[in-house]
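Report on the following structure.
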Amino acid sequence: MAGAMDPGDNENASYYREQYRVNLLTLLRELEEPDEDPASSFMCLLKKKKELRCLEEAVEEKKEAFRERLEAIAEQWRDLHARRTQLKARVERSGRTVKENEMLRNQALRKASKDREENIKKENELLRAKRELEALRKQHQKLCQKLPKYSVFKRYLEDVVEVSQFRDIEDIISFYKSLMRSRKELLQSQHRDKEMTEQARVLLDQYRAQKGAEMLQCKNELVQLKQYLDKAQNDLPVWEAQWMDIQNRAAKKSTKLRAIERTIHSLFQAASTRLNAKWKVAAHDSHRQLDMIQQFIEDLRDISMEDMEKYK
């Protein structure tokens, strides 16, 4: 409201400045001018005062009118502000209403779509039920048409009941069903036995084929082994001759080895006797005896070299 009254205040100030410039300044200038006739000056002053009062009254009337105008403008502004608030609230309510309507519309669309799908589903089920009903009706008609043909069997079963141990037709039908179940079980058992027989035959054929292959392989291996045996028997005199030759060479080498051992042992004893040494060496340790003999020969050579040096 204060912002709305600023233009009025400016207009009021402009109005008073204009009145001051036009009327009051002119009146003051006239009052300041000297006049030679005091009476006329007094009358003029009274006249000016009267004009001044009229002017003040006019100014007061202008002020009052301006104040009333400002109040009217303020009232209009308040009304405008209230209308603006109401319009804003109405716009907000309208926005909420639009959103609610849109939400309700979407819900209605979803519900309509769901109802349409359910209706289509129910129509399909109804159509399927109608088709099943029509099929059952046709089957019923066929059975009704066949019923006169099979009525003779009913009379036949009644005659059977009279001359048999069955109490009624239901007993005959139950007995027949039990026989059919037994026949079905027997056929199933025969079928299983047949399948097992076929499987056993297949396994037997596989076993025969496998064993036949193994027997053929054994025969081939037996032929090869027989060939190896014949070849070994043919080569046996050669290997026996070679074995005899090896035994003879081994006997000769063994004889030479024993002679060498005896020689080494004799040399060892001779060296021991010559040196008057008692070496603790086993009689069959030829390697140790030979080492001792070699050491003795080297010592003897060193002594001989020293003697030769002395003679020189």
Side-chain angles (χ1 to χ4, degrees), residues 95-234:
R96 288 194 296 271
T97 304
V98 169
K99 290 181 180 178
E100 291 175 358
N101 292 335
E102 185 67 21
M103 188 181 298
L104 292 174
R105 178 175 172 275
N106 292 331
Q107 290 179 357
L109 290 174
R110 287 195 295 270
K111 185 176 180 182
S113 177
K114 186 176 180 181
D115 293 340
R116 186 167 55 254
E117 291 177 357
E118 290 181 355
N119 291 331
I120 292 172
K121 185 177 180 181
K122 289 180 180 179
E123 289 177 357
N124 293 330
E125 291 178 354
L126 181 60
L127 183 61
R128 185 170 59 255
K130 286 181 179 179
R131 287 197 295 266
E132 292 178 356
L133 181 61
E134 185 66 24
L136 290 173
R137 187 180 291 111
K138 291 180 180 179
Q139 187 177 1
H140 181 264
Q141 291 177 357
K142 291 180 180 180
L143 292 175
C144 289
Q145 292 174 1
K146 291 180 179 180
L147 184 60
K149 297 179 181 180
Y150 293 103
S151 60
V152 63
F153 294 104
K154 183 179 179 182
R155 292 193 296 271
Y156 175 74
L157 292 175
E158 290 175 352
D159 295 338
V160 170
V161 170
E162 292 178 357
V163 298
S164 65
Q165 60 182 355
F166 298 106
R167 291 175 295 178
D168 51 14
I169 297 175
E170 295 296 331
D171 289 342
I172 297 174
I173 294 174
S174 299
F175 183 71
Y176 173 75
K177 289 182 178 179
S178 63
L179 289 176
M180 292 300 295
R181 284 195 299 270
S182 300
R183 180 177 178 275
K184 184 178 179 181
E185 292 175 357
L186 182 60
L187 291 175
Q188 291 177 354
S189 177
Q190 289 178 355
H191 182 68
R192 287 195 298 269
D193 294 339
K194 185 177 181 181
E195 288 181 351
M196 293 177 65
T197 304
E198 292 293 333
Q199 292 178 359
R201 184 179 292 108
V202 172
L203 293 174
L204 181 61
D205 293 339
Q206 292 178 355
Y207 180 77
R208 286 178 177 176
Q210 182 180 359
K211 293 305 177 181
E214 291 178 357
M215 290 178 65
L216 181 61
Q217 184 178 0
C218 291
K219 287 180 180 180
N220 294 331
E221 292 177 356
L222 183 60
V223 171
Q224 291 179 358
L225 291 174
K226 189 175 181 180
Q227 292 176 357
Y228 292 154
L229 179 61
D230 294 339
K231 184 178 180 182
Q233 288 178 354
N234 294 328

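Everything numeric here is computed off the predicted structure, so don't read it as measured data. Excluded from the calculations below are hydrogen atoms, water molecules and symmetry mates; all remaining heavy atoms, backbone and side chain alike, are included. Residue numbers start at 1 and run along the sequence shown.
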Nearest 0.5 Å, please: how far is [atom2] in [Y] from [atom1] in [X]?
X      : Y      : atom1 : atom2 : result
Lys226 : Gln233 : NZ    : CD    : 10.0 Å
Lys211 : Cys218 : NZ    : SG    : 9.0 Å
Gln224 : Asn220 : CD    : CG    : 7.0 Å
Leu216 : Leu222 : CG    : CG    : 12.0 Å
Glu100 : Gln107 : CD    : CD    : 10.5 Å

(message) Suppose we screen for side chain to side chain contact (heavy atoms under 4.5 Å, CB included). Which residues come up paired with Gln190, at least two apart in sequence or across chains?
(response) Leu186, Leu187
(request) Check step by step if side-chain contact (heavy atoms from CB on, under 4.5 Å) holds for Gln210 and Glu214. (result) CA-CA 6 Å; Gln210 182 180 359; Glu214 291 178 357; 3.6 Å; yes
Expected list for residues 109-133: side-chain donor-acceptor pairs under 3.5 angstrom, two or more places apart:
unit_1: Asn119; atom_1: ND2; unit_2: Asp115; atom_2: O; d: 3.0
unit_1: Asn124; atom_1: ND2; unit_2: Ile120; atom_2: O; d: 3.1

With a cut-off of 3.5 Å and sequence neighbours excluded, list every side-chain donor-acceptor pair involving residues 192-202.
unit_1: Glu195; atom_1: OE2; unit_2: His191; atom_2: NE2; d: 2.6
unit_1: Thr197; atom_1: OG1; unit_2: Asp193; atom_2: O; d: 2.7
unit_1: Glu198; atom_1: OE1; unit_2: Arg201; atom_2: NH1; d: 3.3
unit_1: Glu198; atom_1: OE2; unit_2: Arg201; atom_2: NH1; d: 3.0

(message) Using the rule given for salt bridge (charged side-chain N to carboxylate O under 4.0 Å, His left out), can you reason through Lys99 versus Glu102, listing the C-alpha separation, both sets of side-chain angles and the distance that settles it, and then say yes or no?
(response) CA-CA 5 Å; Lys99 290 181 180 178; Glu102 185 67 21; over 6 Å; no
(message) Between Gln139 and Lys142, is there a side-chain heavy-atom distance shorter than 4.5 Å?
(response) no
(message) Tell me whether Ser189 contacts the main-chain N or O of Glu185 through its side chain, where contact means a donor paired with an acceptor under 3.5 Å.
(response) no
